[in-house]
Amino acid sequence: MSGILASMIDGLLIGSVYGLAAMGLSLIWGVMDVINLTHGSMIALGMFGMYLLFSATASNAYFLLAPLIVVGLVLGIIVYWLAVNWVVDRPILMSLLSTFAVNMVVIGLGTAIWSTSPYNVNFSVPGITVGEYTFTGNHIAAASSAVVIALLLELFLRRTRAGKAIRAVADNRAAAELMGISSTRVLMVAFAIGIALAMASGALVSTLFPFTILSGAGYQLKSFVVTVLAGLGKPFGALIAGVLLGLLEGAVSPFIAVSWIPLIEFGLFVVVLIAFPRGIFGKATA
Amino acid sequence: MTALLEVQGVSKRFGGLQAVGDVSFTLQEGEILGLIGPNGAGKTTLFNLVNGVYKTDTGSIIFSGKNITGRSPDQVVHLGLARTHQIVRPLNGMSVLENVIVGACYGREYQSLRAARATALEVLEQVGMASRANSPAHSLTLAFKKRLEVARALAARPKLLLLDEVLAGLNPTEIAQMIDLIRKIRDSGVSVFMIEHVMQAIMNLSDRILVLNLGHKIAEAPPAEVVKNPDVVEAYLGFPDIVDKLRGAS
């Protein structure tokens, strides 16, 4: 019995990292109605960014999140001007294709540089032992980092001028422009934050499991499930939904083979889409 | 008096429809200028040209001495030209206060959050919504949503306020309150350019009235003259000699 409890706690910890990744996807969708298919490749870049920085500095991996987030913001601005600004107001297929193209370019370059063989970040935080179970220190550190970043984002969105502008544009872009907000600038900032969140979550995952340049794809799919669970465009809801998804994984994993987990997750995805089309945190009326 | 807004020969065509054709007028500082015309006359299109939602095909728009032709809506707000919308557009996910704070933050004065909060509270007091500051914007009645639109525009500290049918859908009491509010806004030094279908209100409020029909200006005069103008009567009622006919009948 306590085996499943330990597994669920572990799932909860990893789930907060899923949640952080999904926040990035959700923020971009909420603000500009773009489904960002670069998400997976940016998660992978976060993993390799962590690998490179950690190899170069050998410092505490979790302190390296700050410079990686800065890199993510810059990269997000570049990708926004290259591939997103032109297609924001076009039919959604256009932004799907253009972000998918960036995804393929990044994966292609990444494969050329790092091949598709696995890498890992050799850093560990001492674990905590409770009775007969030990919780890995890295899981706890990654989960705490994810929650701290998520809270900082929420504070930024609620308590700063720029954050209020982002929420105003997400709420009603035309109204926001009439109020003097330059929506192009806001879209760029929101996209950059979304990419930085994806990279940060990739960096956190890299301290937990081995990874390849293709590993982002799986987390991208989980982000979709989490985002739909939370209701599109609800970043903080995404964190909570991520934790729930992790909890579910933890609860079922002692009983079934790991390869069945995606089946359960996507089964849940379909059920949620049918039963709660606006997500579990979505309101019935806009 | 000096001209705050000078519109010179602006036109806008949508496909085969000449929505606004060669319209010129000026708005003096401290004035309330009314804009009337039958449905489809191009009133809202003219507003959209003035505040930059649409780009003009021809003509120029000078606001407060600056040529603002081709500037985007957010840029003209920074110069002091704010607007409310015919169909209310509150930021539904935010409180009333937060809506107005955003308006102040990104208005003419680019206020800091702290200053914006003070401005927002002051403006909410002015429009009579102080007690609802913390209500969610989506929970308001239409009358309050319209006042919120006005509050948000005022928070930007405009020199000129464009009001697009702020009286539509209000009951007589609410109309009286809104008219009172518009007068107070003008008395506080903000010029007003307003589209309105409630004739009694616009005749009472406006210093001058601009009349559009089929995209063209057919009159620009004080209210008392406008109602006697045969072109205006024809545009509204369809008979060039309706006045004489009605007189003859009585």
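Just so it is clear: chains get the letters A, B, ... in the order the sequence lines come, proteins before strands, and each one is counted from 1.
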Who among B:Arg152, B:His78, B:Arg83 has the most heavy-atom pairs with chain A under 4.5 Å? B:Arg152
Counting heavy-atom pairs under 4.5 Å with chain A, which one of B:Ala116, B:Pro73, B:Ala153, B:Cys105 comes out on top? B:Cys105
Without hydrogens or angle criteria, can the side chains of B:Lys159 and B:Ser64 be said to hold a donor-acceptor pair below 3.5 Å?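 Yes, B:Ser64 and B:Lys159 have a side-chain donor paired with an acceptor closer than 3.5 Å.
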Indicate whether the side chain of B:Asp57 and that of B:Ser11 have a donor and an acceptor atom separated by less than 3.5 Å.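 No donor-acceptor contact under 3.5 Å links the two side chains.
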Where on [X] is there a heavy atom nearer than 4.5 Å to chain B: the side chain, the backbone, both, or neither?
X: A:Ala174; answer: both
X: A:Arg159; answer: backbone
X: A:Arg158; answer: backbone

Toward chain A, the part of [X] with a non-hydrogen atom under 4.5 Å:
X: B:Ser112; value: backbone
X: B:Ile101; value: side chain
X: B:Val76; value: neither
X: B:Glu149; value: neither
X: B:Asn51; value: side chain

Do B:Lys146 and B:Glu174 meet the salt-bridge criterion of a basic N to acidic O distance under 4.0 Å?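 Looking at B:Lys146 together with B:Glu174, the answer is no, because their closest N to O distance does not fall below 4.0 Å.
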Within the side chain of A:Thr99, is there an N or O that forms a donor-acceptor pair under 3.5 Å with the backbone of A:Leu37? yes
Kindly say whether B:Ile32 contributes a backbone atom to a donor-acceptor pair with the side chain of B:Ser206 at under 3.5 angstrom? no
Using side chain to side chain donor-acceptor pair (under 3.5 Å), reason through B:Asp164 and B:Thr44 one step at a time and then give a plain yes or no. CA-CA 7 Å; B:Asp164 193 347; B:Thr44 297; 3.2 Å; yes
Inspect the surroundings of CH2 in A:Trp86 and state if more than 12 heavy atoms from other residues, nucleotides or ligands are less than 6.0 Å away. no
